[in-house]
Every structure is written in C-alpha cells, then in structure tokens.
Protein chains: 2
Amino acid sequence: MGHMSTDPKPSPLPLTERQEARRRRILDASTRLACGGGFDAVQMREVAESSGVALGTLYRYFPSKIHLLAATMQDQLGQLHEALRKRPPAATAPSERVAETLLRAFRALQREPLLADAMVRAVIFADRSVSAEVDAVSRLTTTIIVDAMGPGAETGNRESAVRVIEHTWHAALVTWLSGRATVGQVTEDIRTVCGLLDR
Amino acid sequence: MGHMSTDPKPSPLPLTERQEARRRRILDASTRLACGGGFDAVQMREVAESSGVALGTLYRYFPSKIHLLAATMQDQLGQLHEALRKRPPAATAPSERVAETLLRAFRALQREPLLADAMVRAVIFADRSVSAEVDAVSRLTTTIIVDAMGPGAETGNRESAVRVIEHTWHAALVTWLSGRATVGQVTEDIRTVCGLLDR
DNA sequence: CTCAAGTCTGAAACTTGTTCTAGATTAGCG
DNA sequence: CGCTAATCTAGAACAAGTTTCAGACTTGAG
C-alpha cells in the first residue's frame, strides 16, 4: 500500500512560506479555542485575532467556520494516522484490529472532548458547499480503517461494511458528545459494528 | 408490545385549545418552509410570520431553531409510525423486516429531501441543551425499529445492534443529503447493517 | 364582573457568521 | 529600483438566531 502522508499538500495553489505559516497559526488557534470550549468557542473573530490575521484573511484561507473546522479535523486525523502507523494494532483478526484502532482513537478524543465536539459537529453538519473537505476527511478515515484491517484482508465486497463502520463511528461520537450515550455504550457499539467484518 | 402513539402528549404542561392550535400552526409552517428550502429556509422570523405568531411567542414554544426542527421531526416520525403500523413489513426474518421498514422510510424521505435535510441536520447538530427532544426522537426511532423486528424477536442482547442501526441510519442519511453518497449506497448500507441482527 | 397573573405582540437590541470596501503591504518582474 | 497585481488589514455593514421589554390581550379565581 502506497503512502504519501508526510507531504499532505500537492495542493492546487502553492503557498509562500509566510502563507503556510499563517495557515498553521490559524489551524492552531482553531484547535486551541476548540479545546477550550468546543464548537461554540471557535468564533471567527477570535480565531482571527488569536492567530494575528485579519478577519477577511481568515475567510480567504477558510471560506467558512465549517471549512475551518473540517480542515482542523484533517489536521488532527493526520496526526492520529501518524501515531497509528508507528504502533499498529496487535490483534490478528481484521475486525478486532479495526475495533482496537477505533477504540484507541476514541480514547484519544476523550482526552480533548471539546475539540472532538467542534470537529465532529462541524463535519456532520457540513452541507454540499463543504463536500470536498468533508470528503477528504472521509477518505482519511477510510484509509485508517482499511490500513487497520491489515494486509491480509481483501477489501473486495466490504466497501459497504467499511462505510457502515464509519457511519457508526461518527454517529456514536455525536451521541456521546451530546451526553446521550456513555463511553461504555460507544465502546460496545464500535465492537458490535466491527463484527460486520467477520463474514 | 404496548403502544401509546395516538396520544403523544401526557406532557408536563396542559395547553389550551388556542395554544395547541398555535403549536400546530408553527410546526406546519416549519414543515412547509423546510420542504421548500431545507435547513437554511427555516428562518425563525419567517416561521413566526408564516404561522401568525410573534417572534417572542415562537421562542416560548420552541426555545431554539434546533428545538423546533427536532419537534418537527418527532411530528413526522409519528406520522411515519402510524403509516407503518397500518402496513407492516412483509418479510419474516427480523433483519429483513427492519431493512424493509427503513428502506420504506428512506423512500418517503426521498420525496421531500429538503425536509429531511432540515430535520436530520438539526437532530445530529443538536447539543446538550436539546438532549431531551433528541432523546424523544431517538426513542421513537428505536420503537419503530424494534416494532419492525416483530413479535418473535427477543430484544435481549441486541440493544447495541439496534443502536448501531440507528447510527447508520442517521449518518447514511447525512452523507446522502450532502451529496457524498448515492441512493444506492445508502440502500446497500442499510441492508448491510441490518445483517447485524442475524446472529 | 373584576382583578391579578400569565401570555402574546411588535419592535428594538444584541451576537456571531459572513461580506464588502478602501487603503497599506508584499511579491514577482523588468 | 520601480511598477503592477495580488494579498493583507482595519473596520463597517449585513444576515439570521436569540434576547429583551413595554404594553395589550386572555384566563381563571373570587
């Protein structure tokens, strides 16, 4: 399986160094504010001020709050992917490897629940105008899951199962974040849905 | 199986007739606006004007746009439940009965995709302050699924499976609504996840 | 019927996401 | 260096959700 993770940007537009730095400051500010107060605390004026950039510039880099948080999620997922690559799951059965991976990700999110709140709510709330960015997040998530399944697992007719796992992952997180499900229920649901891979 | 669907309100506050009528006008206006333009078209000032009620009154009945749309979803789900009761699924296996039911609901939503957009996005975006209402929606959905499983199916250790089906149902709808999944994929995913009941 | 409490109305104000504008800065180029 | 286009800044302006408030209307108890 090829990987191109260390160079995340063969992007359309080449950015100068200062621009790259601005983008980074913005994403960091977004992350910091989200960690402090979740979705509502990521206010565009705050992000702009906190990253030393004018409001108009912020909107040039990220055309909406949802775009910004989706990019923040890409950023965080990238780091997660890095970490997972270094310490792959230990189990042998694909379904257990995937469950182990998602549960590890869940534990990571529990450490910064408000950041998770901001990112996940943004991504699920996104409308068509953000589909490119959300699609990138979705592809990254799919990659993480398929990678976790391991080299042996044929990805043949399991595309639907992978999508269902992803659906459950997102929706279970949402119910947990809004206080309508416990950590235990989310854990159980992740295990349950991963069972779909045992066929 | 007990059912209390025809009397949906043993609610905390008894409403006068005029109040009941106002509430109904508001919900109808919300539905109409949603059908016409989705989430964004349900604007509180419009709802108020369109239902002949002052803005402040609208907010007394529904403390936020999300509350309003969650209530609209309860309303619609109630009607769906009615319709399903009259014509229950034909299959015999619980998993197929559930799939058939959800696919029928999906077909209904396809007839008013913008209404679906407004309701589903509201419910998944809802934060803790709306958990009571969202919980009601969730319970209704669970009831529909469990009813569809049929009298024979023991609900023993399937709680997690039912939750996973619900998660998939919501998240699959969202990806369809935002144009990132086709009707065919959603259909397939619903069938796939219902397979969890065959154990 | 009469009064007090609760409800509804109309309108203004406030909040936060988003857009727009005029002028300052920067980047690339001859 | 000097020019031109693109970018950035500060700040006003706009949009829609939400809050607030004074006054009119309803309701229910006596």
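Residue numbering restarts at 1 for every chain, and letters A, B, ... go by the order of the sequence lines.
In this structure, CG of A:Leu58 is placed 16 Å from P of C:dT16, rounded to the nearest angstrom. Between the CZ atom of B:Phe125 and the P atom of C:dG17 there is a distance of 10 Å, rounded to whole Å. If you measure from atom OH of B:Tyr61 to atom P of C:dT7, you get 9 Å, rounded to the nearest angstrom. As rounded to whole Å, 16 Å separates atom C1' of D:dA10 from atom CZ of A:Arg60. Straight-line distance from the CZ atom of A:Phe62 to the P atom of D:dT7: 16 Å, rounded to whole Å. The interatomic distance linking B:Glu20 (CD) with C:dT7 (P) rounds to 15 Å, in whole Å. The distance from atom CD of A:Glu49 to atom P of D:dT9 is 13 Å, rounded to the nearest whole Å.
Among pairs with a residue in residues 172-189 of chain A, those fulfilling salt bridge (Lys or Arg N to Asp or Glu O under 4.0 Å) read A:Arg180-B:Asp135, A:Glu188-B:Arg163, A:Asp189-B:Arg163, at least two apart in sequence or across chains. Applying the salt bridge (Lys or Arg N to Asp or Glu O under 4.0 Å) test to residues at least two apart or on different chains, none of the pairs has a partner in residues 49-65 of chain A. The side chain to side chain donor-acceptor pair (under 3.5 Å) pairs that include a residue from residues 28-45 of chain A are A:Arg24-A:Asp28, A:Ser30-A:Thr72, A:Arg32-A:Ser50, where partners are two or more places apart or lie in different chains.
For B:Ala91, the side-chain contact (heavy atoms from CB on, under 4.5 Å) partners two or more places apart in sequence, or in a different chain, are B:Glu96, B:Arg97, B:Glu100. With sequence neighbours excluded, the residues satisfying side-chain contact (heavy atoms from CB on, under 4.5 Å) with A:Ala126 are A:Ile66, A:Val130, A:Val134. Every side-chain contact (heavy atoms from CB on, under 4.5 Å) that B:Leu140 has, sequence neighbours left out, goes to B:Leu77, B:His81. Applying the ring-ring contact (aromatic ring centres under 6.0 Å, His included) criterion to B:Trp169, with sequence neighbours excluded, gives no partner residue. The side-chain contact (heavy atoms from CB on, under 4.5 Å) check on B:Arg18 picks up B:Thr16, B:Arg22, with sequence neighbours excluded.
Shortest non-hydrogen contact noted between A:Thr192 and B:Ser160 is OG1-OG, 2.7 Å.
Axis orientation changes by 10° from one end of the helix from C:dC1-D:dG30 to C:dG30-D:dC1 to the other, with each end axis drawn from 5 pairs and the value rounded to 10°.
Within the 4.0 Å cut-off from OP1 or OP2 of D:dC8, at least one side-chain nitrogen or oxygen of A:Gln19 is found.
Remark: nothing in residues 29-38 of chain B comes within less than 4.0 Å of DNA chain D through any heavy atom.
Which of C:dC8, D:dT27, D:dT7 sits closest to the side chain of B:Arg18 comes down to D:dT27. Across D:dT27, C:dT9, D:dT9, the shortest atom-to-atom separation from the side chain of B:Ala54 is found for C:dT9.
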Polar-atom pairs under 3.5 Å, protein N or O versus N or O of nucleotides 16-23 of chain D: list them with distances, or write none.
unit_1, atom_1, unit_2, atom_2, d
D:dA16, OP1, B:Gln43, NE2, 3.2
D:dA16, N7, B:Arg45, NH2, 3.4
D:dG17, OP1, B:Val42, O, 3.4
D:dG17, OP1, B:Lys65, NZ, 2.9
D:dG17, OP2, B:Met44, N, 3.0
D:dG17, N7, B:Arg45, NH2, 2.5
D:dG17, O6, B:Arg45, NH2, 2.7
D:dT18, OP2, B:Tyr59, OH, 3.0
D:dT18, OP2, B:Lys65, N, 2.9
D:dT18, O5', B:Tyr59, OH, 3.4
D:dT18, O4, B:Arg45, NH1, 3.4

Chi angles and distances behind the side-chain hydrogen bond (donor to acceptor under 3.5 Å, both in side chains) call for A:Asp127, B:Ser178: CA-CA 5 Å; A:Asp127 67 358; B:Ser178 62; over 6 Å; no
In a table with atom names and distances, give each donor-acceptor pair under 3.5 Å that connects a side chain of residues 118-125 of chain A to protein atoms at least two apart or in another chain.
unit_1, atom_1, unit_2, atom_2, d
A:Arg121, NE, B:Phe125, O, 2.9
A:Arg121, NH1, A:Asp117, OD1, 2.9
A:Arg121, NH1, A:Asp117, OD2, 3.3
A:Arg121, NH2, B:Phe125, O, 3.4

